[in-house]
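In each ligand, atom 1 is the first atom listed, and ligand 1 is the first ligand listed. Index from 1, following the sequence.
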Amino acid sequence: MKKVVKFGGSSLASAGQFEKVGKIIRAEKGRRYVVPSAPGKRFSSDTKVTDMLYGCYAKAEKGEDFSEDLAKIRARYQEIIDGLQLKLSLDEAFSVIEEDFKNQAGTQYAASRGEYLNGMVMAAYLGFAFVDSATVIRFHEDGSLDTETTNRLLADALEKQEYAVIPGFYGADATGKVRTFSRGGSDITGSLVARAVKADMYENWTDVSGCLVTDPRIVENPVPIDIITYRELRELSYMGASVLHEDAIFPVRSEGIPINIRNTNCPEDKGTMIVGDTCSKSEYIITGIAGKKGFASVTIEKDMMNTEIGFGRKVLQVFEENDISFEHMPSGIDTMTILVHETEFAEHEQKVLTGIQKAVHPDHISLEADLALIAVVGRGMKSARGTAGRIFSALAHARVNVKMIDQGSSELNIIIGVENSDFETAVRAIYNIFVLCKL
Ligand code: ASP
């Protein structure tokens, strides 16, 4: 069994956390490739090393004195090194970083040093080889990932290493300039490594025992999800569930490698398995509920709209020309509604309205803001009768007015639009009917 194990920042925030991680890795010989994040928070009011680096570099960029900030970052690593009684010196690494900061090496370079240094500490602690991600994770010059070159570079480098540490979050372009993914991007590194070494499993270790059916900030102690498909997870993460970076799914998905979300602080918990497909039925018909606030709707009415060929295309073109992506598009015979992100839309509102007017000469356009979308996701919904009925009767009992309904043809999800102010009540009502009442 060959495994790639990625550890998040809270799993590596202190020497004590490193020791837990060391135990986990040594417990299985197959845990061969380790992808660490930068040290995260040790307690809730603490600052993540990545954020300290952003702050420190902001000063360097302005030509201000950053020595105190860099010393604080250094102290975070020294505390870990001393706690683990390692004979590792970061003197040289820190003088290079200081010099590079003075020479304005860039924000992405600065942020990447958190993972780079933690990778060095982790490699020394485990006695594994250190593979600098700048040499194996390749970005295009426009900042996007060069997936195929990365796969080749990683496969070649790791073929030679039975055990290795590959820091998360960053890589470099062909000129050697360091680039990072967006925040939380070490998840992507782990997934890329798993693909390149053809791992049997990608374990993603964090501080929760897997994905939960819904957001714990809305429902107290929601039940965990044992098993979920990539497609279900993608629907949920798109709608705001945030256990894993959105882009981390693609590399392993294409190779059919399962992801196991695990808890460093409770390694005995099985966590959540994310898989390509499964016969295992979800206990509650639905797999998860997620949602987001802050949408607006643009409803266009025109008599005989349905007979006007190209009507929809012309309307959508106006959104495209204004660089606005749309989320959903429920329609009636003579109406169509476009749901968009409020913030994206606000800037272009009047231009879009004029554009639609010119393009299709509607009878009426109406706008509505402050909408929330809720996705109820579940592979089991396809074969269960009355799922939508249950959702809507639960919402009616909770006195939530449903503004929009959209069921994807895959029957994997039902999207419900409600007012922002009804969002939490609606999520709780749906959770209660399926999970607590098991209806
Ligand atoms: N350290 C980076 C962040 O805080 C990347 C990561 O942890 O995945 O976003």
Check: For D215, what residues pass the salt bridge (Lys or Arg N to Asp or Glu O under 4.0 Å) criterion, not counting sequence neighbours?
Finding: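 Counting only residues at least two positions away or on another chain, D215 forms a salt bridge (Lys or Arg N to Asp or Glu O under 4.0 Å) with R217.
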Next item on the list: Would you please name every residue forming a salt bridge (Lys or Arg N to Asp or Glu O under 4.0 Å) with K48, sequence neighbours left out?
Entry: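 Residues passing salt bridge (Lys or Arg N to Asp or Glu O under 4.0 Å) with K48: none at all.
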Item checked: Side chains of E268 and N263, donor plus acceptor under 3.5 Å ->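 Per modelled atom types, E268 and N263 side chains form no pair under 3.5 Å.
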Checklist line | side chain to side chain donor-acceptor pair (under 3.5 Å) against T264, all qualifying residues, sequence neighbours excluded | finding: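 Here the qualifying residues are S11.
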Next item on the list: Drop me the distance from R231's CZ to T287's OG1, to the nearest 0.5 angstrom.
Entry: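 That separation rounds to 11.5 Å.
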Next item on the list: State, to 0.1 Å, how close K281 and R379 come at their nearest heavy-atom pair, and which atoms those are.
Entry: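 Here K281 and R379 meet closest at C-NH2, 4.1 Å.
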Could you go through ligand 1 and note, for every N or O atom, any protein N or O atom closer than 3.5 angstrom, writing the atom names and distance to 0.1 Å, or 'none'?
from     : atom 1 : to   : atom 2 : distance (Å)
ligand 1 : 1 (N)  : T50  : OG1    : 2.8
ligand 1 : 1 (N)  : E115 : OE2    : 2.6
ligand 1 : 4 (O)  : R183 : NH2    : 2.9
ligand 1 : 7 (O)  : S37  : OG     : 3.1
ligand 1 : 8 (O)  : G184 : O      : 3.4
ligand 1 : 8 (O)  : G185 : N      : 3.4
ligand 1 : 8 (O)  : S186 : N      : 3.0
ligand 1 : 8 (O)  : S186 : OG     : 3.0
ligand 1 : 9 (O)  : R183 : NE     : 2.7
ligand 1 : 9 (O)  : G184 : N      : 2.8

